[in-house]
Amino acid sequence: MSTLSLTLTATKYNLIETARVPIAVIGAVVFPTLALCLFVLPQRVVVDDSGFATAAVASMVVFAFMSSGLFSVGLELAEQRSKPWTPYLRTLPGSPLARIGALIIATLAIATVAMIPLLVVGGLFTSARPEPLRLLAAVALVIVTALPPMLIGAIIGITTGPKAAIAVTQVALFLLAFGGGLLLPPQMFPAWLDAASSFLPIRQAREIVVGTATGADVPVWAIIGIVAWTVVLGAAAVWLYKRDEGRRYR
């Protein structure tokens, strides 16, 4: 069985397993929209300005994919490692790319569904009015730029137990969301924080998605950064997965 076939099969069963716990799906879908309602809608200055509103909604879409990646991938991997079925499963032949990739693809699918109510609420209750082609491009790019937080979640899940993963994920979510300019626009950052945050993958994803949605120029450093983070984090996740396999499952 090829790695691609194994990945698609594992993705299918990941989605089925998640669907058997409806509250998990409901929580993943509702949480980003709730964040939009709490952090964006009360700010009339943002809601009533088309440019600000479009940037704010785009930032919340990035937040939706980031939170899904950290919690769904990280906590699921940590929980799997604590179950007796996983030691047997990981002794079977198969690339670690298939197992990690399947979980990431399943999480991306759920996050894409979660984006729909967020965009609907943003369209109904804010002045966000991106051009259709820019909206489609931004949607495609948010899926692509979501890989780094998914891989960060994978690294957390591979290196920590279920209880520790919850605490680490919560801290990572807050730091990445704030440092990435999702809770507070980077324009309000002091110079040192603005410079530091530009190295974070979430800030880079925000610049790409917001720039595409609003029609602003997308900085080259954001594109280079997101590609570099994807490669480095992907290699680290695979290496840690193999190291964990050698320590625990042989």
Inter- and intrachain pairs under salt bridge (charged side-chain N to carboxylate O under 4.0 Å, His left out), touching [range], at least two apart:
range            : result
residues 49-59   : none
residues 29-39   : none
residues 53-67   : none
residues 182-201 : D194-R203

Between [X] and [Y], is there a shared hydrophobic cluster once you connect ILVMFWY residues whose side-chain heavy atoms come closer than 4.5 Å?
X    : Y    : result
V139 : I104 : yes
V61  : F178 : no
M188 : V46  : no
F189 : V210 : no
L118 : L135 : yes

How far does [atom1] of [X] sit from [atom2] of [Y], to the nearest 0.5 angstrom?
X    : Y    : atom1 : atom2 : value
L175 : S197 : CG    : OG    : 13.0 Å
T112 : I143 : OG1   : CD1   : 4.0 Å
L133 : L136 : CG    : CG    : 6.5 Å
L108 : M115 : CG    : CE    : 10.0 Å
S67  : L176 : OG    : CG    : 11.5 Å

Under the side chain to side chain contact (heavy atoms under 4.5 Å, CB included) test, which residues partner [X], sequence neighbours left out?
X    : value
S198 : W221
I224 : V220
A222 : Q204, E207, I208, P219
I105 : T7, T11

What closest approach, in Å, do [X] and [Y] show between heavy atoms, and which atom pair accounts for it?
X    : Y    : value
T212 : A138 : CG2-N, 3.7 Å
A128 : V57  : CB-CG2, 4.2 Å
L70  : L173 : CD1-CA, 3.7 Å
C37  : P42  : O-CD, 3.2 Å
V47  : A53  : O-CB, 3.9 Å

[Y] and [X], any side-chain heavy atoms less than 4.5 Å apart:
X    : Y    : value
L36  : F125 : no
R206 : I202 : no
T230 : V144 : no
L147 : I226 : no
T107 : F71  : no

Test log, rule side chain to side chain contact (heavy atoms under 4.5 Å, CB included), inputs S68 and I110: CA-CA 8 Å; S68 292; I110 295 173; 5.6 Å; no

Pairs involving residues 13-60, ordered by first then second residue, that meet ring pair (Phe, Tyr, Trp, His ring centres under 6.0 Å) (sequence neighbours left out):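 Every pair satisfying ring pair (Phe, Tyr, Trp, His ring centres under 6.0 Å) with a residue in residues 13-60: F31-F63.
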
Pairs involving residues 19-45, ordered by first then second residue, that meet side chain to side chain donor-acceptor pair (under 3.5 Å) (sequence neighbours left out): R44-D48

All pairs passing side chain to side chain donor-acceptor pair (under 3.5 Å) where residues 122-134 contributes a residue, at least two apart: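 Of all non-adjacent pairs touching residues 122-134, none passes side chain to side chain donor-acceptor pair (under 3.5 Å).
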
Residue L124 excluded, over 12 heavy atoms near CG under 6.0 Å: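 It does: L124 CG has more than 12 such atoms within range.
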
Considering only distance and modelled atom types, tabulate donor-acceptor pairs under 3.5 Å from the side chains of residues 148-163, sequence neighbours left out.
from, atom 1, to, atom 2, distance (Å)
T159, OG1, I155, O, 2.7
T160, OG1, I156, O, 2.5

Short side-chain to backbone donor-acceptor contact, W229 and F199, under 3.5 Å: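 Side chain of W229 to backbone of F199, a donor-acceptor pair under 3.5 Å: yes, one is there.
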
Test item: S72 side-chain N/O and G69 main-chain N/O as donor-acceptor pair under 3.5 Å: no

